[in-house]
Amino acid sequence: MDKEPQLEYDVQKRAKASTAATFRAVVALYFLYLARQIIRGAMDGSSSMSPVLAWIAGLGFIAAALAFGFYTWKRWRAEVEAARLTPAETDDDTETP
Amino acid sequence: MNAKAVIKKYTMVIALVVVFALFAFLTKGRLLYPQNMSNLLLQNAYVLVLACGMLCCILTGGNIDLSVGSTVCLVGALAAKLLQVTDLHAIVVILACLAVGACIGVWQGFWIGHIHIPPFICTLAGMFLWRGLGRVILASKTIAVNNKSFLNIFASYIQIPGLDDAKKWSALIVGIAVAAFLVISVFTGRASKARKGYAVDPLGPALAKNVIIAVLVILYCNKLANYKGIPVMALWVLAVVFIYAFITNKTAFGRYFYAVGGNEKATKLSGINTKKVYFVAYLSMSFLAALSGLLMAARIGSVNGDTGSSFEMDAIGSCFIGGASAYGGSGTVAGICIGAIFLGVINQGMSIIGLDNNWQYIVKGSVLLIAVVFDVVSNHKTGKAG
């Protein structure tokens, strides 16, 4: 049985994609942190913002976090796929003895 | 260089100018008061210091350090406690605290660089560990920092007798000297390049850029001169920024951070000790977090268990907005400084207006959201995902 060809990637492009994805993931987490702070501020009375507005803003940031997180994952997958080397690029140039 | 290219290259600088003008308007000019301009630097000193260290971690491949806020708390707590219960001189306390920061960096750098624990996990553990230790030291209390020597080292102002008695002329003199250096460096740089046979860029744009920066430096130093003069904290921040700018731009080891982030395997195969690069990145980050802890303790005058909360987010936010990673994986100290000042102007402006905490979070989040939209739209236009 023939072996399945190993997937090979342009290491630099894949590293760049992972770097950017990590960063975007942290930004998404920051949105969640902001949502938590806003809602907590309204719940414990430390903020003068109306609770309704705080919940709307908090849920808005949660939605932004989820949307950006999903976008980050999709973009990472697309960039890693784009980093995949074509069969022509992975062909061995050496002659078989 | 056409207008579109200029706008693309200086997007963040333009955004900073717009935000500054907006808040100057919204605060009815109070943002421009000498005291507020001085506080703008002092309140954001910790972000600039942390962002320099975070840049090195990010350059190694998108890694971050989540423990910096907790390190700030622990070191601040240690400094406050030592100053309160012992008779140690402030310098001894400072050196001890910096050594503790370095030990934290050695600990985390070892697990990340040599044992290959994912940085997210290791620094997440550190985030709980160091803050817990800080709270143990504080015994859940707030400790005031009153030691005059300690405060003089970090929170005082440059005062030259005879020169700074009324208006702080030393600040203005420094500003003029820096401005002159910036303008002269354009000509000396071009002459040096021409002598070595390199192609020389047109004089106009480079001179215009440096003249604008020089004028801003003089205006800012004039503001400082009308308040209390140059804060000593500014010297600490500038020293860190210049050292890291030099290391990342002009030294071989500084370029190793970029190399590891680009292609770790190739970097290793070319003979560079990648374990050492990771180790040094996290060692320097924790060391700078310790320095930030000392700056914060001196600035605020007290330390409690919540000191340093969300500092890592501020540093990362500065790096993201300053373009450290999202726009191509490369980053510069200048970029993160702009990002840090950008967030600092927004924080300062909102404080002056007296905006409620929740509204401040909403504004910060909205700014980040704009940066995110920019990132998504620019990717869509260039089709980079394909």
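FYI, side chains are in, hydrogens and waters are out, and symmetry mates aren't considered; it's all heavy atoms of this structure. Just so you know, these numbers come straight off a predicted model, no measurement behind them. Lettering follows sequence order; numbering is per chain, from 1.
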Of all pairs that satisfy side-chain hydrogen bond (donor to acceptor under 3.5 Å, both in side chains), the ones with a partner from residues 266-286 of chain B, not counting sequence neighbours = Tyr244(B)-Ser284(B), Glu264(B)-Tyr278(B)

inquiry  = Looking at chain B, which one of Leu34(A), Ile39(A), Leu29(A), Val80(A) has the largest number of heavy-atom pairs inside 4.5 Å, strictly under?
reply    = Leu34(A)

task = List for me each residue that meets ring pair (Phe, Tyr, Trp, His ring centres under 6.0 Å) alongside Phe120(B), sequence neighbours excluded, and say none if there are none.
result = none

key: Atom CZ of Phe253(B) with >12 non-hydrogen neighbours under 6.0 angstrom   = yes

query = Taking only heavy atoms into account, what residues of residues 56-67 of chain A are found under 4.5 Å from chain B?
reply = Ala57(A), Phe61(A), Ala64(A)

Side chain / backbone / both / neither for Ala42(A) at chain B, heavy atoms under 4.5 Å = both

ask   = Taking all atoms of both residues into account, what is the closest heavy-atom pair of Asn358(B) and Ile38(A), and its distance?
value = ND2-O, 2.9 Å

inquiry  = Can you tell me if Arg255(B) has over 12 outside heavy atoms packed within less than 6.0 Å of its CZ?
reply    = yes

query = Say you draw a straight line from CZ of Arg36(A) to OH of Tyr361(B); how long is it, rounded to the nearest 0.5 Å?
reply = 9.0 Å

Neighbours of chain A found in residues 362-370 of chain B - heavy atoms under 4.5 Å = Ile362(B), Lys364(B), Gly365(B), Ser366(B), Leu368(B), Leu369(B)

Any Phe68(A) side-chain heavy atom under 4.5 Å of Val373(B) side chain = no

